[in-house]
Every structure is written in structure tokens, then in C-alpha cells.
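Per chain, numbering begins at 1; letters A, B, ... match sequence-line order.
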Amino acid sequence: MPKMMSLEELQALREKVKASIDLREKGDQAEKMVIVRVAMATCGIAAGAREIMSYFLDEAQHRNLTNIMVTQSGCMGYCYAEPTVEVTKPGEEPIVYGYVTKERAQEIIEKYILGGELVEGIIPVSHQSLDE
Amino acid sequence: MSKYMMHILVCGGTGCLSSQSGEIVEGLKKAIEDIGMQNQVQVVKTGCFGFCEKGPIVKILPDNTFYVQVKPEDVEEIVSEHIVKGRKVERLLYENPESKTPISDSKHMNFYKKQMRVALRNCGFINPENIEEYIARDGYGALAKVLTLSQMEVIEEVKKSGLRGRGGGGFPTGLKWEFAYKNVADQKYVVCNADEGDPGAFMDRSILEGDPHSIVEAMAICGYAIGATKGLVYIRAEYPLAVKRLECAIAAAREYGLLGEHILGTAFSFDIEIRFGAGAFVCGEETALIHSMEGKRGEPTTKPPFPAASGYWAKPTNVNNVETFANIPVIFLKGAEWFSKIGTEKSKGTKVFALAGKINNVGLIEVPMGTTLREVIYDIGGGIKGGKQFKAVQTGGPSGGCLTEKDLDTPIDFDNLLAKGSMMGSGGMIVMDEDDCMPAVAKFYLEFTAEESCGKCTPCRVGTKRLLEILEKIVSGRGTPKDLDTLKELSEVIKDTALCGLGQTASNPVLSTLKVFEEEYIAHVRDHKCPAKQCSALLQYRITEKCVGCTACSRVCPVGAISGTVKKQHTIDISKCIKCGACESKCRFNAIVKE
């Protein structure tokens with residue numbers, strides 16, 4: 001690392017490295033984040049959940065969406081509809097999408113997360129989680 | 001940019017490291033490599049999380065899962081369950097002591113709910129050995145801002161924040177800086193006092209271990225403000241990890257151009273050196289500290305002259321404590337006004353405390369000034385161990401005093417604690433329960449100060465020794481009521497005549513326990529009884545009628561003091577008994593009592 005010779009250089013470095021701890025800062029205030037939870041059990045991974053997860057991570061970065069937190073969960077039980085993705089907006093009920101492809105993922109980001117409009121592929125949730 | 005989708009933070013403070021957290025880090029890294037996810041999961045060794053009671057701590061983000069008391073053999077399960085399958089390892093979660101239900105998110109733990117982390121903002125959050133993580137948290141942003149202000153503007157900002165010295169004295173920091181600034185000299189010095197010596201206190205060590213760059217940055221800011229180009233950190237050599245992290249931070253700051261000549265291209269130059277202390281308590285006193293750094297005996301001198309006028313090598317020197325410095329960058333990032341809104345009228349900001357003693361959640365906490373002792377001990381600290389009765393809390397270490405039940409609702413700040421006969425001190429908080437004998441507690445602190453007295457002035461050298469002798473006499477059952485008067489008188493004399501803070505405050509634990517627990521002292525000297533049943537010299541073992549005559553006690557007694565026939569109640573010959581307690585632990589019928 002060459003020595004920084006101006007305030008601007010420090011500022012530029014900060015911008016560059018900020019993303020490295022971004023995830024920790026987001027985790028600290030998860031209640032304000034849109035949480036995208038990708039089911040990453042054996043069934044999900046076999047159906048391509050890893051690619052979907054990286055797609056969400058990449059898109060969030062490209063579009064500079066700082067309020068999205070991408071994380072993973074175990075099997076949600078919808079093995080027939082993998083990859084499944086659960087999206088929880090702050091203060092709203094979680095919505096589960098099935099058969100998520102990259103195209104659908106893009107739709108979820110653009111229409112649901114940014115636009116607030118529901119898109120195709122919702123799996124009706126008929127259960128309640130015990131801990132929430 | 002990293003594509004990490006998960007960060008695993010492992011506590012790398014001294015406490016957790018000694019419970020094998022180093023092995024946990026290595027184990028996690030290896031296990032994650034084994035499953036080929038090293039580019040998706042980052043393992044970070046951080047500073048102290050504060051929850052030392054339940055260490056080692058492992059925190060997983062972004063889902064904020066907080067695992068406690070993790071062992072190296074748990075690593076495999078964490079990786080295969082949590083990382084691969086996204087299922088939390090329930091048995092490692094912290095259990096809510098009341099409802100007995102596991103809590104996965106640390107934010108919902110009582111321990112963290114009432115805390116406000118300013119000085120500890122980065123502890124347990126960043127990797128202290130990585131300067132870029134500090135910069136990502138706006139690190140060195142305060143220094144950059146300061147370099148655009150005038151020296152007096154910087155000092156005014158610190159004054160406006162209301163920050164007071166966190167080492168114990170509570171002197172306004174901005175004022176101290178102004179004194180050093182106004183003294184003209186060809187060379188000035190900034191000194192960081194990291195000679196934390198109170199028994200049971202580990203605030204400064206944890207800050208240096210968890211966020212060393214905040215100290216480097218703050219010292220540079222101070223150097224700019226007072227016009228110094230050299231900084232020195234006086235740290236005790238018994239803090240090897242803190243020393244290592246600090247050395248690493250200084251080297252990185254030099255490499256990045258944040259220390260050295262022409263910092264960030266400005267005319268300001270500043271560099272830091274480390275000086276090791278040999279662990280003498282008196283060297284926490286600023287004049288003694290300076291002498292020790294000059295290679296002389298660690299002995300204090302009278303003030304004035306204050307170090308701000310004539311300090312290190314007789315040059316103007318500004319000495320601040322680690323925690324004081326840790327607050328400085330935040331004041332410039334968030335503004336003096338933000339800072340001065342936290343706390344009470346005369347004590348601004350937050351204070352870090354090291355909770356120790358008979359408390360459930362031993363650890364490191366930070367609360368806004370004005371939080372009550374009750375909130376600290378019961379809400380954050382989780383109350384007294386084993387459901388025992390709270391008796392007292394010692395604040396201010398060997399220089400402080402004890403506070404009792406009636407003081408629990410006092411908002412903690414510099415002035416309130418002084419008014420209650422104790423002091424803020426550097427932040428050690430030792431909680432005592434019904435089993436603690438107060439004269440014995442006073443004796444413990446006097447043993448400490450008598451040993452740590454540098455011997456320069458007579459009141460402290462001889463006085464603390466005499467105090468200790470009287471206390472030893474009292475707890476061994478040879479005390480007389482007259483001793484209490486001597487204790488009081490001698491304490492007052494030492495307080496008035498000793499040269500430095502060590503001696504002047506050495507008798508505080510005696511005076512304060514004597515005032516609050518006078519009856520306990522009287523019981524010792526008049527009735528020769530120890531109400532807390534701690535002073536073995538004042539206790540006698542007795543066998544009650546519960547005895548069934550099993551002879552177990554007489555067989556275990558090393559001095560043959562117990563006699564009796566089989567199936568009959570035994571008796572103890574008090575003149576032979578050495579009070580080892582072997583009979584009491586051997587008896588299966590609870591027939592042996594200590595009175």
C-alpha cells in the first residue's frame with residue numbers, strides 16, 4: 001500500500017473498503033433491511049440455489065441497493081418448487097417465491113422489492129413459524 | 001469487492017483466546033475450506049464482545065446469531081449445520097436465564113439491551129489487525145477532518161463535548177489539551193496512559209486489543225491540537241496481546257501514511273512509540289508514569305508543575321487515558337453536540353465498566369452516564385450469582401469505596417459517586433454478596449496498595465503498612481474496639497498527607513467500609529465473630545444433633561480433633577481444630593456447621 005497523500009485518497013479508500021464490512025453493519029440492523037433468504041438445503045442447491053444466491057448478491061451490488069441483505073436458510077419444505085426464495089420487507093409478512101430463475105429473480109428485485117408489486121410464482125404460506 | 005455472503009466473527013480478546021478461541025478460528029477456516037466455501041464465508045478474529053462470562057463467543061452475520069461457550073469440537077457442527085444448511089445450532093445459543101428459552105440474536109439479550117457502545121464501537125465488530133476494516137468504519141475520518149481545522153477549533157470542540165478523563169480523575173479533557181497547547185516549547189509530547197492497574201479492571205486492555213487504531217488516530221488528533229509531533233503509549237508489559245495489536249496498528253498506520261511525516265499530504269507530522277511499564281500500580285499516576293518513561297524510578301512528584309507545563313523530559317506533555325482517547329474520534333465524526341447529549345449534566349458520554357465479582361454476567365460493558373447501578377448490576381449484569389443477596393459494589397478499585405443497596409438507584413456519574421463516598425475510578429466494578437466479609441475486603445485492597453506503594457512518602461509507605469496490620473489483627477480475631485478509632489484516625493491522616501493519588505486514596509476502602517458496615521467491624525472486635533462467616537480465625541466448627549455417628553468426619557480430620565463413638569453424636573475439640581473444613585465437606589448429613 002503506497003502512502004496516502006491527501007484527504008481525497010483516504011476518502012476513496014474508505015469507499016472502496018466499506019463494502020467489506022457492509023454485511024456486518026446490515027446484520028446489526030436487520031430489522032430495517034429487506035431480507036432475501038435463499039433456501040440452501042440439498043434440494044435447493046441441486047436445483048441451482050447457489051447461482052440464484054450469487055445473482056441476488058451481484059444484483060444488489062450492481063444496483064447499489066444498500067438495504068438488501070441476502071442470506072440463506074435450510075429447506076423450507078417446498079422441495080418441488082426449488083429454488084425457493086423468501087423475501088421479507090421491513091414490517092411486512094414474508095413472501096415465498098418458488099421456481100426462481102435468474103429472470104424471475106430480476107423480476108423480484110425490480111417489481112417486488114423496488115416497486116412493491118407482487119410477481120408470479122408466489123407459494124401460498126399456510127403455516128406459521130413458531131419463533132416469529 | 002468481496003463476495004462473502006457470511007461473516008463469522010470470533011472473539012479474539014485475551015479472555016476468549018485463553019479458552020481456545022484461536023483454535024476455533026483455525027478450525028473454522030479449515031472446515032470452510034474443506035467444503036470449498038472460503039470465498040463465500042469470511043472468518044474474522046475480532047476484539048472483545050464484552051460477554052466474557054460466556055466466552056468464547058462466535059457471532060455469525062448477517063443473521064446475527066450469537067453462539068456462546070463454543071469449543072473447538074463444536075466447529076464442525078457449526079459449519080455443517082449453520083453454514084451449509086442454515087440451521088442454527090440450538091445448544092450453543094445463549095439461554096435467557098428467566099424464561100430458559102434460547103436467544104439467537106444478541107440484540108435481544110438483556111446484557112446488550114441497555115448498553116451504548118461508543119468507546120467500544122468497533123470491539124467485536126472489526127478485525128483489529130486490519131486497518132482497512134477500521135477505515136471502512138470511518139476510521140481516520142476524524143483525523144482527516146481535524147487537519148482542516150485550526151488547533152484552537154479542535155480544542156474547542158473537545159471542550160464543547162464535555163468529555164472528562166476516563167482514567168479516574170474526571171478532569172475535563174479539552175481543558176487539559178488547552179494547557180498543553182498554550183505552553184510554548186520546541187517539542188511537546190502526547191502520552192497515552194495504558195497502565196491499567198486496578199484489580200479486576202480490563203477496559204483499556206480490551207480497547208487496545210479490539211480497536212487499537214482508534215487510539216492511534218486519537219493521539220494524532222491530540223498531537224495536532226497541542227502542537228506535538230511525538231506520541232508515546234505507556235503500556236504494561238503484562239498485556240502482550242494489546243502490545244502486539246498496537247504495534248501492528250502503528251506499523252499499518254505508518255504504511256498508509258496516517259502516521260509519520262506529512263500526514264495525508266499536510267504539514268502535520270506525528271509518530272508514536274511504545275514504552276513498556278513493569279506493572280507498578282503507581283505508574284498509572286501521570287508524574288510517576290513520565291519518570292518511568294524517562295528511565296527513572298517510577299515515583300510521583302508533587303504537582304504543580306503539571307505535565308502540561310513540564311512533563312516528559314521537562315517538555316509540555318499531555319497525558320490521557322486509553323478510554324478517553326477512544327472517545328475522541330467519535331466526537332469529531334458525530335460532533336461535540338451529539339456527544340454532549342449523552343449522559344448527565346456534568347458527566348457526558350458513556351463509561352466502560354468491567355463487571356467482576358459475584359455477578360452472573362462477568363464482562364465488559366458500556367453504558368451512558370446516568371445509568372443506575374441497579375440497571376448495571378441487575379439488568380445488564382444479570383444479578384447476583386447463585387441467587388444470593390447483594391451486599392455491596394466496589395467502584396474505583398483500591399482507590400474507591402463501596403456502595404450498598406440504598407445507593408443502587410443512584411445515576412452513575414463522576415459527581416454522584418463522589419457524593420456517595422466512592423468514585424468513578426477507571427471503571428472496575430466488583431460486586432459482593434452476603435458471603436463477603438467487609439473488613440476482609442478492606443484488607444484485600446490494603447494488601448494491594450501497601451505492596452504497590454512506591455515508598456517515596458512516609459504517610460503512604462508506613463501508613464498503609466500500619467493500616468494493613470490493624471486490619472489483619474481484626475480479621476484474625478485479635479482486634480479491640482480501640483483499633484477502629486486508630487483505623488479511622490490513621491486513614492484520615494494518610495488521606496491528608498500522602499504525596500500522590502495512590503496514597504491519598506489508599507484508605508478509601510477502609511473509610512468507606514467502616515462507615516457503611518461499622519457493625520460488621522464491631523462484631524469482629526467486640527464479639528470476635530465474623531457475620532459473613534469468612535474469617536476462619538473467628539469461626540468454629542460444631543457438630544449438631546443431626547450427626548448420626550457415621551465416623552466419616554473423625555476419619556478425615558487430619559489433626560484428630562473429632563472424637564465420638566459409632567452411632568453417637570461426635571464432638572470437635574476446638575483447641576485442636578485447624579479449621580480446614582475437611583469434616584464439613586465430608587459430612588453427608590449437613591451435621592457440621594461453621595459459626
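Under the rule for a side chain to side chain donor-acceptor pair (under 3.5 Å), N130(B) has no partner lying at least two apart in sequence or in another chain. With sequence neighbours excluded, no residue forms a side chain to side chain donor-acceptor pair (under 3.5 Å) with Y224(B). In this view, E33(B) and Q38(B) satisfy the side chain to side chain contact (heavy atoms under 4.5 Å, CB included) rule, not counting sequence neighbours.
Using the six-membered ring where Trp is involved, Y134(B) and H213(B) have ring planes that are parallel, under 30° apart on the 30 and 60° scheme. Using cut-offs of 30° and 60° on the angle between ring planes, the pair Y4(B) and H7(B) is perpendicular.
Counting heavy-atom pairs under 4.5 Å between each of M33(A), K3(A), K18(A), Q72(A) and chain B puts K3(A) at the top. Ranked by non-hydrogen atom pairs under 4.5 Å with chain A, the options N127(B), I126(B), N64(B), T266(B) are led by N64(B). Your options are R24(A), E8(A), E15(A), and the one with the most heavy-atom pairs under 4.5 Å with chain B is R24(A).
T148(B) touches chain A through its side chain: at least one heavy atom from C-beta onward sits under 4.5 Å away, while N, CA, C and O do not. Within the 4.5 angstrom heavy-atom criterion, only side-chain atoms of M53(A), from C-beta onward, approach chain B. Only the side chain of K59(B) comes within less than 4.5 Å of a heavy atom of chain A; its backbone N, CA, C and O stay farther away. Of the atoms belonging to V84(B), it is backbone heavy atoms, and not side-chain ones, that fall under 4.5 Å from chain A. For L258(B), the part lying near chain A is the side chain, with the backbone staying farther off; criterion is any non-hydrogen pair under 4.5 Å. Residue R137(B) touches chain A through both its backbone and its side chain, counting heavy-atom pairs closer than 4.5 Å. Residue contact with chain A, scored on non-hydrogen atoms closer than 4.5 Å, is absent for D105(B). Proximity to chain B (any heavy atom under 4.5 Å) is shown, for Q11(A), by neither the backbone nor the side chain. Heavy atoms of M4(A) lying under 4.5 Å from chain B belong to its backbone as well as its side chain. Interface remark: I263(B) contributes no atoms to any contact with chain A (heavy atom separation under 4.5 Å).
Within a 6.0 Å radius of NZ in K107(B), other residues, nucleotides and ligands contribute more than 12 heavy atoms.
Below 4.5 Å, heavy atoms of chain B meet no heavy atom from residues 79-88 of chain A.
When side chains are defined from C-beta on, I215(B) does not count as touching I272(B), because their heavy atoms never get closer than 4.5 Å. Contact annotation: the side chain of I108(A) never approaches that of V36(A) to less than 4.5 Å [non-hydrogen atoms, C-beta and beyond].
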Run F111(B) and Y94(B) through ring-ring contact (aromatic ring centres under 6.0 Å, His included) and show every step you take. CA-CA 11 Å; F111(B) 183 75; Y94(B) 173 69; 8.5 Å; no

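At a threshold of 4.0 Å, the pair K102(A)-E59(A) does not count as salt-bridged, since none of the basic side-chain nitrogens sits closer than that to a carboxylate oxygen. Salt bridge status for R37(A) with D63(B): absent, with no side-chain N to carboxylate O gap under 4.0 Å. Ion pairing between a basic and an acidic side chain is recognised when a charged N comes within 4.0 Å of a carboxylate O; E366(B) and R117(B) show no such pairing.
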